[in-house]
S.K.: 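So that we are looking at the same thing, I have put the structure below in structure tokens.
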Amino acid sequence: MSAAQSEALAPGSSVESVPSYLSETYSWAYLNPRNLRWLDNSLVVSSILWGNAGRLMRAAAAEFEPGQRILQAACVYGRFSEMLAHQVGNTGQLEIVDVAPIQIANVRRKLSAYPQVRSRRGDLTLPLGKRYQGVCCFFLLHEVPAEQRSRIVDNLLSAVGPGGKAVFVDYHRPSRLNPLAPLMSLVFRLLEPYATSLLDTPIDSLSPQATDFDWHRRTLFGGLYQHVVATRRSLTEFPPSRRQP
């Protein structure tokens, strides 16, 4: 990391406190407090996702039910966490886990009016130690290297209780007929160096636990996005090595 990048980090977000792939590649987007203020804006998020942010967020939130205990894997710019909080309601609980202290501070500020929301700092490449009725991973996987991506998916699946579901929304290889395909190829090459390794990789191939789930995938916007739902079979128990208190 350069001296300029280091100086841009928020207090409490030192190089030692976040993974190197985050500090070296995405400090401008997630660790810089000045950039955070304008990136965490619904209009900016909508523009980045070509006007599809609202539709993608609503579809992901609709996978869950009021009263459920849900995990959100990493903070998300825009109104997504607020949508999930509304979806689970006052009788449910939304827990948000992110590795960057600045992101946790920001989401706590944004959702201070929602008593059903809890947030904490944590590394999703490590076992979560908890069980949830649902897990949601919204545009995280394309931002991590392949090795860490597999560990994250494995840990998220481990955290889903019997009958629960994991929802993954992320980029996908666009159709050749999609007019945005050449532009997105350039975006991935210049700004999203880990994304291309996800585009052609089925998410259900990233964890040996995938066989314990029923998988359903659909693509959107000319194949540019994927919405994947993995539902753990009701009678599937956690293997002894993964059982959680």
Side-chain angles (χ1 to χ4, degrees), residues 1-2 4-5 8-9 18-32 35-36 38-57 59-60 72-78 80 98-100 102-103 123-125 136-156 166-207 210 215 217-230:
M1 168 182 275
S2 69
Q5 285 177 310
L9 297 180
V18 296
S20 59
Y21 67 81
L22 176 58
S23 62
E24 294 171 0
T25 307
Y26 291 108
S27 62
W28 65 273
Y30 298 116
L31 304 179
N32 184 309
N35 290 347
L36 181 150
W38 71 267
L39 286 172
D40 193 7
N41 179 289
S42 293
L43 290 177
V44 173
V45 174
S46 181
S47 297
I48 291 171
L49 295 177
W50 303 103
N52 290 280
R55 178 171 65 155
L56 292 168
M57 290 178 178
Q72 178 185 315
C75 296
V76 176
Y77 287 153
F80 183 59
D98 195 289
V99 74
I102 185 177
Q103 292 294 327
D123 188 340
L124 294 167
T125 66
C136 194
C137 185
F138 191 86
F139 282 92
L140 169 65
L141 298 183
H142 75 279
E143 295 185 332
V144 297
E147 181 181 351
Q148 285 85 348
R149 181 184 302 141
S150 294
R151 293 206 297 266
I152 288 172
V153 171
D154 196 51
N155 288 329
L156 294 181
V167 178
F168 302 91
V169 180
D170 220 303
Y171 287 111
H172 181 267
R173 176 75 65 186
S175 164
R176 293 181 181 177
L177 298 179
N178 189 323
L180 290 174
L183 178 58
M184 290 307 301
S185 178
L186 181 64
V187 169
F188 293 146
R189 186 164 66 251
L190 296 179
L191 298 176
E192 305 279 7
Y194 309 120
T196 54
S197 63
L198 171 68
L199 301 182
D200 298 314
T201 303
I203 294 175
D204 59 3
S205 71
L206 298 178
S207 168
W215 292 80
R217 187 188 74 176
R218 59 190 176 98
T219 58
L220 303 154
F221 202 57
L224 181 57
Y225 309 117
Q226 59 180 317
H227 177 114
V228 180
V229 179

S.K.: Which atom names give the shortest non-hydrogen contact between Asn178 and Phe221, and what distance separates them?
M.R.: ND2-O, 3.0 Å

S.K.: Return the OG to CG distance between Ser185 and Leu199, rounded to the nearest 0.5 Å.
M.R.: 9.0 Å

S.K.: Would you say the side-chain atoms of Gln103 pair up with the backbone N or O of Tyr30, donor to acceptor, closer than 3.5 Å?
M.R.: yes

S.K.: What is the distance from atom CG of Leu191 to atom CG of Leu186, rounded to the nearest 0.5 Å?
M.R.: 8.0 Å

S.K.: Report the C-alpha separation of Tyr26 and Glu192 in whole Å, then their side-chain angles, then the decisive distance to 0.1 Å, and conclude whether the side chain to side chain donor-acceptor pair (under 3.5 Å) test is met.
M.R.: CA-CA 9 Å; Tyr26 291 108; Glu192 305 279 7; 2.4 Å; yes

S.K.: Drop me the distance from Tyr194's OH to Glu147's CD, to the nearest 0.5 angstrom.
M.R.: 12.0 Å

S.K.: Where is the tightest heavy-atom contact between Phe168 and Leu156, given as atom of each residue plus distance?
M.R.: CE2-CD1, 4.0 Å

S.K.: Is there side-chain contact between Phe188 and His142, with heavy atoms separated by less than 4.5 Å?
M.R.: no

S.K.: Closer than 3.5 angstrom, by distance alone: can the side chain of Asn52 be matched with the main-chain N or O of Leu49 as a donor-acceptor pair?
M.R.: yes

S.K.: Which heavy atom of Met57 sits nearest to which heavy atom of Phe138, and what is that distance?
M.R.: CG-CZ, 3.5 Å

S.K.: Donor-acceptor check, side chain of Ser27 to backbone of Glu24, threshold 3.5 angstrom: yes or no?
M.R.: no

S.K.: Over all heavy atoms of both residues, which pair between Val18 and Ala100 is shortest? Give the atoms and the distance, please.
M.R.: CG1-CA, 4.1 Å

S.K.: Do Trp50 and Leu224 come within less than 4.5 Å of each other through their side chains, counting heavy atoms only?
M.R.: yes

S.K.: What heavy-atom pair brings Cys75 and Asp98 nearest, and what distance separates the two atoms?
M.R.: N-OD2, 2.8 Å

S.K.: For the residue pair Val169 and His227, what are the closest heavy atoms and their distance?
M.R.: CG2-ND1, 3.9 Å

S.K.: Per the side-chain contact (heavy atoms from CB on, under 4.5 Å) rule, which among Val45, Leu56, Val76 passes with Phe139?
M.R.: Leu56

S.K.: Has the side chain of Asn155 got a donor or acceptor atom that lies under 3.5 Å from a matching backbone atom of Leu124?
M.R.: yes

S.K.: For side chain to side chain contact (heavy atoms under 4.5 Å, CB included), just list the numbers for Val167 and Cys137, CA-CA rounded to whole Å, side-chain angles, deciding distance to a tenth of an Å, and then say yes or no.
M.R.: CA-CA 6 Å; Val167 178; Cys137 185; over 6 Å; no

S.K.: Give, for atom CD1 of Ile203 and atom CG of Leu198, the distance between the pair rounded to the nearest 0.5 Å.
M.R.: 6.0 Å

S.K.: Do the side chain of Arg149 and the main chain of Val144 share a donor and acceptor less than 3.5 angstrom apart?
M.R.: yes

S.K.: Under 3.5 Å, side chain of Gln226 to main-chain N/O of Tyr171, donor-acceptor pair present?
M.R.: yes

S.K.: Can a donor-acceptor pair be found, under 3.5 Å and without considering hydrogens, that links the side chain of His172 to the backbone of Gly223?
M.R.: yes

S.K.: Checking the side chain of Asp170 only, and the main-chain atoms of Leu141 only, is there a donor and an acceptor separated by less than 3.5 Å?
M.R.: yes

S.K.: Does Trp215 reach the main-chain N or O of Ala210 with its side chain, forming a donor-acceptor pair under 3.5 Å?
M.R.: yes

S.K.: I need the Ile152 CD1 to Leu140 CG distance, nearest 0.5 Å.
M.R.: 5.0 Å

S.K.: Say whether, by atom type as modelled, one donor and one acceptor occur between the side chain of Ser46 and the main chain of Ser42 under 3.5 angstrom.
M.R.: no

